[in-house]
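Whatever order the structure lists them in is the order used to number ligands and atoms, beginning at 1.
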Amino acid sequence: MRHDECWVALRYASLGPAYEIEAMNPSKTVLISGGGPVGLLCALLLGRAGIPVRVFDANPCLQNDPRAATTHPATLDVLDQVPGLVDDMARLGLVTPIFQFWDRPSNTKIAEFDHVVLKNDTRHPFVIQCEQFKTAGLLLARVEKLPNVDVLFNHTVTDVSQDANSVTVTVKSPAGEQTHSGAYLIGADGGRSTVRKQSGIAFEGFTYEERFLVLTTPFDFAANRGYCERTYIADPEEWCNCFKVAADGPPGLWRTVFPADATENEAKTLSDTDVHARMQKFFPLPHAHDIVHRNLYSIHQRVAATFAKGRVLLAGDSAHVNNSIGGMGLNGGLQDAANACEKLVELILNRNPHDLLALYDKQRRIVTTEFVQAQTIANKKRLEARDAETRKHNFEELSASASDPVKAREFLLKTAMISMQQRAASIKLETV
Ligand SMILES: Cc1cc2nc3c(=O)[nH]c(=O)nc-3n(C[C@H](O)[C@H](O)[C@H](O)COP(=O)(O)OP(=O)(O)OC[C@H]3O[C@@H](n4cnc5c(N)ncnc54)[C@H](O)[C@@H]3O)c2cc1C
């Protein structure tokens with residue numbers, strides 16, 4: 001945790017129990033549980049529209065969260081409504097137009113896709129590899145400039161209730177237990193969302209038998225093996241994702257993602273012996289790899305039964321979780337945030353009488369299931385396929401798509417999440 005990341009927490013801690021909350025008009029205020037990237041984007045979009053917002057986050061300050069990095073073209077198209085944000089992400093991250101598929105047993109490149117074929121479909125024909133804590137930091141820096149938005153770290157939402165006119169949260173804070181009321185509540189409090197649980201919304205789906213192990217190293221896989229900054233490696237024994245992040249600046253770091261047995265003791269999976277053996281098997285060196293981070297994640301495919309219940313909305317991981325192959329979880333969450341805030345602005349400021357939250361639920365839940373869930377499940381199956389015929393078929397299909405610009409565009413419209421956004425926009429209120 002960097003020292004400067006805690007200043008916001010200190011700022012609010014210093015206000016103490018007498019902190020004045022009346023400045024917020026509860027009939028217009030939007031409460032947000034969770035100050036991760038999704039909650040902060042909601043705060044920024046609503047705050048910029050002039051809506052009073054209060055964000056609660058359980059952590060003492062922003063965390064150096066190493067999870068998401070890949071931000072897809074469709075999401076960049078959404079984020080560029082915030083002046084300078086995409087440029088800042090590009091400055092702190094890596095602009096990456098290309099991704100590749102490799103076969104690990106034969107060490108051969110199967111296919112390479114270039115986002116340039118999407119130049120007429122998006123303002124951003126590339127992904128930006130920007131670590132999620134950097135994106136969150138860029139959002140927080142903008143949020144802090146808005147006088148109508150409070151971000152309260154060290155504030156944990158523990159209970160939610162609502163009636164016809166308002167929603168109320170109970171919050172555990174350094175000053176003791178508090179209640180806060182507002183017009184709407186966004187649950188952006190991650191996969192274990194208290195808001196979702198307190199609202200009695202089911203989280204349907206399944207949990208994989210493997211965990212994902214992420215080992216981060218400065219070893220240069222581009223120079224030494226020819227991988228590009230986003231490389232997906234198929235292997236019936238042990239698939240891998242290998243992608244580069246800017247970290248603190250050139251030369252950057254490489255994150256390797258492997259499946260790990262979920263029944264194995266966590267400490268063993270993360271032990272020096274096992275981690276170094278795994279890396280040596282992946283890329284043998286005469287000395288041990290320099291592993292600067294090691295993280296182990298449980299992996300789920302789950303979607304909330306509804307994304308809107310009365311005055312409560314869910315966005316981001318609180319609404320859906322998926323495996324990280326293809327980098328779609330946070331992207332979907334940021335797209336939820338933009339969609340939800342558009343609806344809330346209409347409801348609060350323009351008093352639009354339509355049931356826009358039902359539309360939010362339908363648009364985002366349908367595309368989450370049809371696209372993100374389906375694609376991430378398929379992505380994993382493609383990398384781990386064991387059967388020789390299936391592997392051959394997969395490789396031929398990928399290679400044929402990559403070598404034909406029409407097919408490549410079709411493929412990339414899905415991976416870049418553009419067709420998903422188009423599908424969401426096509427779902428109209430009349431169909432709710
Ligand atoms: C290895 C890995 C790689 C990934 N790579 C990608 C990628 O490349 N691209 C991509 O799109 N996605 C990726 N993801 C998914 C991505 O990390 C998540 O989708 C993303 O973090 C969701 O953001 P969020 O803001 O919804 O939730 P979170 O980032 O989990 O934030 C939730 C916030 O809520 C707070 N909170 C929790 N409970 C409470 C409470 N009761 N009260 C108040 N605050 C609370 C937490 O402190 C936290 O700050 C990856 C995930 C993993 C595991």
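For the residue pair T368 and Q373, no side-chain donor N or O sits within less than 3.5 Å of a side-chain acceptor on the partner. Side-chain N/O atoms of S173 and Q178 include a donor and acceptor closer than 3.5 Å.
Here the protein heavy atom with the shortest distance to atom 13 (C) of ligand 1 is A68 CB, 3.3 Å. Closest protein heavy atom to atom 29 (O) of ligand 1: R67 NH2, 3.0 Å. In terms of protein heavy atoms, atom 35 (C) of ligand 1 is closest to D57 OD2, 3.2 Å. For atom 26 (O) of ligand 1, the nearest protein heavy atom (residue, atom name, distance) is D317 N, 3.0 Å.
Ligand 1 has a nitrogen or oxygen under 3.5 angstrom from a nitrogen or oxygen of V157. Between S318 and ligand 1, no pair of N/O atoms sits closer than 3.5 Å. For ligand 1, the polar-atom distance check against T70 finds a nitrogen or oxygen pair separated by under 3.5 Å. Between L330 and ligand 1, an N or O atom pair is found at a separation short of 3.5 Å. In terms of N/O distances under 3.5 Å, ligand 1 is approached by V38. Every N/O-N/O distance between G191 and ligand 1 stays at or above 3.5 Å. Where the criterion is an N or O separation shorter than 3.5 Å, residue side chain and backbone included, A315 fails it with respect to ligand 1. Backbone and side-chain nitrogen or oxygen atoms of D65 are examined, and none is located within less than 3.5 angstrom of a nitrogen or oxygen of ligand 1. An N or O contact shorter than 3.5 Å links A58 to ligand 1 by distance.
R142 has a carboxylate O that lies under 4.0 Å from a charged side-chain N of D88, or vice versa, which qualifies the two as a salt bridge. Using a 4.0 Å cut-off between charged side-chain N and carboxylate O, R382 and E397 make no salt bridge.
Below 4.0 Å from some heavy atom of A188 lie the following atoms of ligand 1, by number and element: 32 (C), 33 (C), 34 (O). Close approach of ligand 1 to V214 is summarised as follows: ligand atoms under 4.0 Å from at least one heavy atom of the residue are 1 (C). Near S33, the atoms of ligand 1 lying under 4.0 angstrom from a non-hydrogen atom of the residue are 40 (C), 42 (N), 43 (C). Within the listing of ligand 1, atoms 16 (C), 17 (O), 20 (C), 21 (O), 29 (O) sit less than 4.0 angstrom from a heavy atom of Q132. Using a 4.0 Å cut-off to heavy atoms of Y297, the atoms of ligand 1 that qualify are 1 (C), 53 (C). Near T194, the atoms of ligand 1 lying under 4.0 angstrom from a non-hydrogen atom of the residue are 41 (N). Residue G316 has at least one heavy-atom neighbour below 4.0 Å for each of these atoms of ligand 1: 26 (O). With ligand atoms numbered from 1 in the order given, ligand 1 contributes 43 (C) to contacts under 4.0 Å with heavy atoms of H155.
The cationic atom of R211 (NZ for Lys, CZ for Arg) does not lie both less than 6.0 Å from the six-membered ring centre of Y297 and within 45° of the ring axis. Remark: R225 qualifies as a cation-pi partner of F282 under the 6.0 Å distance and 45° angle criteria applied to the six-membered ring.
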* Run the ring pair (Phe, Tyr, Trp, His ring centres under 6.0 Å) check on F283 and Y227 step by step: do they pass? -> CA-CA 12 Å; F283 197 103; Y227 291 166; 8.3 Å; no

* To do: Could you go through the salt bridge (Lys or Arg N to Asp or Glu O under 4.0 Å) check for K119 and D114 one step at a time?
  => CA-CA 10 Å; K119 63 181 187 302; D114 188 337; over 6 Å; no

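Using 4.0 Å as the threshold, F212 has no heavy atom nearer than that to any atom of ligand 1. Under a 4.0 angstrom heavy-atom cut-off, R255 registers as lying outside contact with ligand 1.
Nearest-heavy-atom check against atom 2 (C) of ligand 1 across A136, S324, G36 picks out S324. Closest heavy-atom approach to atom 37 (C) of ligand 1 among the candidates D189, N295, L334: D189. The closest non-hydrogen atom to atom 27 (O) of ligand 1, taken over C130, G34, G190, P66, comes from G190.
With ring centers used as reference points, F203 lies 6.0 Å or more from H300.
No side-chain heavy atom of L334 sits under 4.5 Å from any side-chain heavy atom of V78. At a threshold of 4.5 Å between non-hydrogen side-chain atoms, the residues E237 and R386 count as touching. Using a 4.5 Å cut-off on side-chain heavy atoms (C-beta onward), L146 and V53 make no contact.
Relative ring orientation between F221 and H289 is described as parallel, the plane-to-plane angle staying below 30° on a 0-90° scale split at 30° and 60°. In this pair, F411 and F113 present their aromatic rings parallel. The plane angle is below 30°, not in the 30 to 60° band.
Within the 4.0 Å heavy-atom criterion, neither part of R192 lies near ligand 1.
Remark: L413 CG to Q422 CD distance equals 6.5 Å, nearest 0.5 Å.
Screening H124, Q335, Q421 for a side chain to side chain donor-acceptor pair (under 3.5 Å) involving D77 leaves a single residue, H124.
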